[in-house]
Every structure is written in C-alpha cells, then in structure tokens.
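The structure appears right after this line, and notes come after that.
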Amino acid sequence: PCSAAVNLRPGAEQKVVFITARVHPGETPSSFVCQGIIDFLVSQHPIAKVLRDHLVFKIAPMLNPDGVYLGNYRCSLMGFDLNRHWANPSPWAHPTLHGVKQLIIEMYNNPKINLEFYIDIHAHSTMMNGFMYGNIFENEERFQRQAVFPKLLCQNAEDFSYSSTSFNRDAVKAGTGRRFLGGLLNDTSYCYTLEVSFYSYVVGETTAAIPYTEEAYMKLGRNVARTFLDYYRLNSLVERQLAATPKTR
C-alpha cells in the first residue's frame, strides 16, 4: 500500500463508497456499467490511484445471481423482487440482500468508517440516457447537497442527463436499497439509484438517438468513478501524481 494513502493510515477514518448492481436480473446494462467502474478503479490510471488512496470502494456486482442464471427478468429463484425487501431481508429467502445489508449496518456502526455513498445500478426500459433517483428530505440543505454528485456526473458524462434525474419518496419504492438506506444512514450519506437506458442516449440539444454499446455502458461506469475525484476535490493530487511519473518516450 502507498504510504501516503489517507484511508490506510492507522486510525484514519475511512470514507466508503458502496456500490451494488444487477438486483434485477434482466437489467444487463447495469453489469457493464459496474464493470466499467471496477476496471477503472483497479487500473494504473493516475485518477484511479488517487481514488484508491483516499476512498474505500465496496462493490457487490451481482445481487441476484440465481435470477441471472435462470434468465429471470426481475425476480430471484424464489420469485421475489429483491429490490422491495431491503427493510427486512430474510437470510433464507433473500441471502444476498441480507448479507449486504448486514455489512452496511456494521460499517455504519463503526466509528472509524464513514459510509458516504450508496449507489445501486439499474437499467431502464423506457427512458433514454443515464440518470439518477435520489431521496426527498425535509432538510433543505441536505436536499441541495444530494444534488451535487449527479450535477458533477452530468459534467463528466455526455450521456448522463440531470434533467431526467429526480428525487422522490414514492410509496412503491419504499423497499428499495436507495429508499431504505436513505432513511437508515445519517445526513452525511448519499443514496442513489443510477439508471441507464436499455437502448440509447441523446447528447445536448440534438434529437438523434445514439445506440448504447457495451463500451458506452462501461464508459459511463468509468465516468461515475472519475466524478468522485471532483466531488472530493482531489484533482490537484492527480497532477502531482503525473508530475512524479517518469516520462517514457
């Protein structure tokens, strides 16, 4: 480990970003977005190195492996929509959810860990582009702070739409990861659902739709990872990293 790594110093508070994907088996684009995040974070890219030094990423890339294996569209082996059971997951009927929730609660209760982000990746069958769902809070300042990350992501990813991003407390979504954890975690934590279109995106004011490819989904994942650099204002450290790298011909 790098000696300058803030999160690896003994006793240092760890800032954790927790990412989950593929809770709905048919939403295959979410796996490509998640793959893009993972590939970028473990790469030798200067931004990835700075992120690894300052943040801890916990990623559960497939919350519904039995549903994926069976080719289900939305449910698990036992016919559950897992994304409606976060409030009280059964270790027998919803084991992946139960395990991830236990881990999140353990982290939340650990004074040396600050769980700052929870992002659950999905795909959307009727809307275009990437966009996010967030929560509604009575505290206006918390509500405004929650909008910062999607606004930054919009600047980094041409296919991400802030205008399609919405904040809600729809009763139908009460058992989802975003809603449940948004109510459980404290006001320094931000919980989002990241949605990406099954089919295409539009850029800027143009009306021509560009079909998504596997590479475009992974690029969105890379841009999600890069946005943490802007969020935590670590850009100057990347420049230092580049300056320290010997130039090769």
Side-chain angles (χ1 to χ4, degrees), residues 7 15-65 67-68 83 96 100 115-125 127-134 148-162 164-165 177-178 190-204 209-232 234-235 237-238 241-242:
N7 65 42
K15 291 185 169 78
V16 173
V17 175
F18 208 109
I19 296 170
T20 56
R22 207 76 187 270
V23 71
H24 291 142
E27 296 176 10
T28 48
S30 68
S31 280
F32 291 109
V33 175
C34 193
Q35 189 70 49
I37 293 172
I38 295 169
D39 288 349
F40 183 76
L41 288 175
V42 300
S43 74
Q44 292 305 302
H45 195 288
I47 291 177
K49 288 181 178 179
V50 169
L51 290 174
R52 291 197 300 266
D53 282 352
H54 288 81
L55 302 168
V56 176
F57 289 87
K58 298 285 184 183
I59 302 176
M62 191 174 284
L63 283 179
N64 196 340
V68 169
N83 205 35
T96 53
V100 166
L115 185 52
E116 305 221 325
F117 281 90
Y118 171 74
I119 299 176
D120 190 28
I121 310 173
H122 287 250
H124 206 285
S125 58
M127 290 179 69
M128 290 200 283
N129 292 61
F131 57 96
M132 279 178 150
Y133 293 129
V148 172
F149 188 86
K151 282 179 178 174
L152 290 172
L153 179 54
C154 191
Q155 291 170 17
N156 286 334
E158 65 174 9
D159 57 319
F160 185 83
S161 167
Y162 186 75
S164 294
T165 292
R178 163 185 62 91
Y190 303 99
C191 299
Y192 305 95
T193 303
L194 172 62
E195 296 272 1
V196 63
S197 173
F198 266 102
Y199 51 103
S200 58
Y201 60 98
V202 291
V203 178
I210 303 167
Y212 264 115
T213 60
E214 292 174 12
E215 174 52 35
Y217 287 131
M218 289 191 274
K219 184 178 179 183
L220 177 59
R222 292 196 293 272
N223 285 327
V224 168
R226 297 170 83 111
T227 301
F228 287 105
L229 190 82
D230 300 328
Y231 183 85
Y232 288 103
L234 299 169
N235 306 68
L237 296 175
V238 174
Q241 175 96 243
L242 289 168

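Positions are given from 1 along the sequence. The analysis underlying the following values was restricted to heavy atoms, covering all of them including side chains, and did not include hydrogens, waters or symmetry mates.
- Residue pairs meeting the ring pair (Phe, Tyr, Trp, His ring centres under 6.0 Å) criterion with at least one member in residues 18-38, sequence neighbours excluded: His24-His122.
- For Ser197, there are no side-chain hydrogen bond (donor to acceptor under 3.5 Å, both in side chains) partners, not counting sequence neighbours.
- For the side chain to side chain contact (heavy atoms under 4.5 Å, CB included) test, residues two or more places apart in sequence or in another chain that qualify with Arg226 are Phe40, His45, Ile47, Asn223.
- Separating the CG atom in Asp159 from the SG atom in Cys154 is a distance of 9.5 Å, to the nearest 0.5 Å.
- Between Val202 and Ala209, the shortest heavy-atom distance links the atoms CG1-CA, 3.9 Å.
- Here the shortest heavy-atom pairing between Arg22 and Pro61 reads CB-O, 3.7 Å.
- Remark: Tyr212 pairs with Tyr201, Tyr217 by the ring-ring contact (aromatic ring centres under 6.0 Å, His included) rule, at least two apart or across chains.
- When the side chain to side chain contact (heavy atoms under 4.5 Å, CB included) test is applied to Val56, the partners found at least two apart in sequence or on another chain are Asn7, Gln14, Val16, Lys58.
- Legend: residues meeting ring-ring contact (aromatic ring centres under 6.0 Å, His included) with Phe149, ordered by chain and number and at least two apart, are Phe117, Phe228.
- Applying the salt bridge (charged side-chain N to carboxylate O under 4.0 Å, His left out) criterion to Glu27, with sequence neighbours excluded, gives Arg74.
- Here the side chains of Val50 and Pro46 are not in contact, with every heavy-atom distance at 4.5 Å or above.
- Side chains of Ile121 and Ile37 form a contact here, defined as non-hydrogen atoms less than 4.5 Å apart.
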For this session: Given side chain to side chain contact (heavy atoms under 4.5 Å, CB included), test Thr20 with Tyr118 step by step and report yes or no.
Result: CA-CA 8 Å; Thr20 56; Tyr118 171 74; 2.7 Å; yes
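- The OH atom of Tyr133 sits 11.0 Å away from atom CG of Leu194, with the distance rounded to the nearest 0.5 Å.
- Looking at Asn129, its side chain never comes within 3.5 Å of a backbone N or O of Phe160 through a donor-acceptor pair.
- Here the closest heavy-atom approach between residue Leu51 and residue Ala225 is recorded as CD1-O, 3.3 Å.
- In terms of the side-chain hydrogen bond (donor to acceptor under 3.5 Å, both in side chains) criterion, residue partners of Thr193 (sequence neighbours excluded) are, by chain and number, Arg178.
- In this structure, the side-chain hydrogen bond (donor to acceptor under 3.5 Å, both in side chains) partners of Ser161, at least two apart in sequence or on a different chain, are Ser163, Ser164.
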For this session: For Val224 and Leu153, run side chain to side chain contact (heavy atoms under 4.5 Å, CB included): C-alpha distance rounded to whole Å, both residues' side-chain angles, the deciding distance at 0.1 Å, then the answer.
Result: CA-CA 6 Å; Val224 168; Leu153 179 54; 4.1 Å; yes
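- Atom-to-atom distance recorded for Ser30:OG and His124:NE2 is 13.5 Å, nearest 0.5 angstrom.
- For Tyr232 and Glu116, the side-chain atoms include at least one donor-acceptor pair closer than 3.5 Å.
- Every pair tested for salt bridge (charged side-chain N to carboxylate O under 4.0 Å, His left out) that includes a residue from residues 190-204 fails, sequence neighbours excluded, so the list is empty.
- Qualifying side-chain hydrogen bond (donor to acceptor under 3.5 Å, both in side chains) partners for Tyr199, counting only residues two or more places apart in sequence or in other chains: none.
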For this session: Any chance you could lay out the side chain to side chain contact (heavy atoms under 4.5 Å, CB included) test for Leu237 and His54, step after step, and finish with the verdict?
Result: CA-CA 10 Å; Leu237 296 175; His54 288 81; 3.2 Å; yes
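- Of all heavy-atom pairs spanning Ser200 and Pro211, the tightest one is CB-CA, 3.8 Å.
- Put simply, the side chain of Ile59 reaches to within 4.5 Å of the side chain of Leu41, judged on heavy atoms.
- A salt bridge (charged side-chain N to carboxylate O under 4.0 Å, His left out) check over residues 214-225, counting only residues at least two apart or in different chains, returns the pairs Glu215-Arg222.
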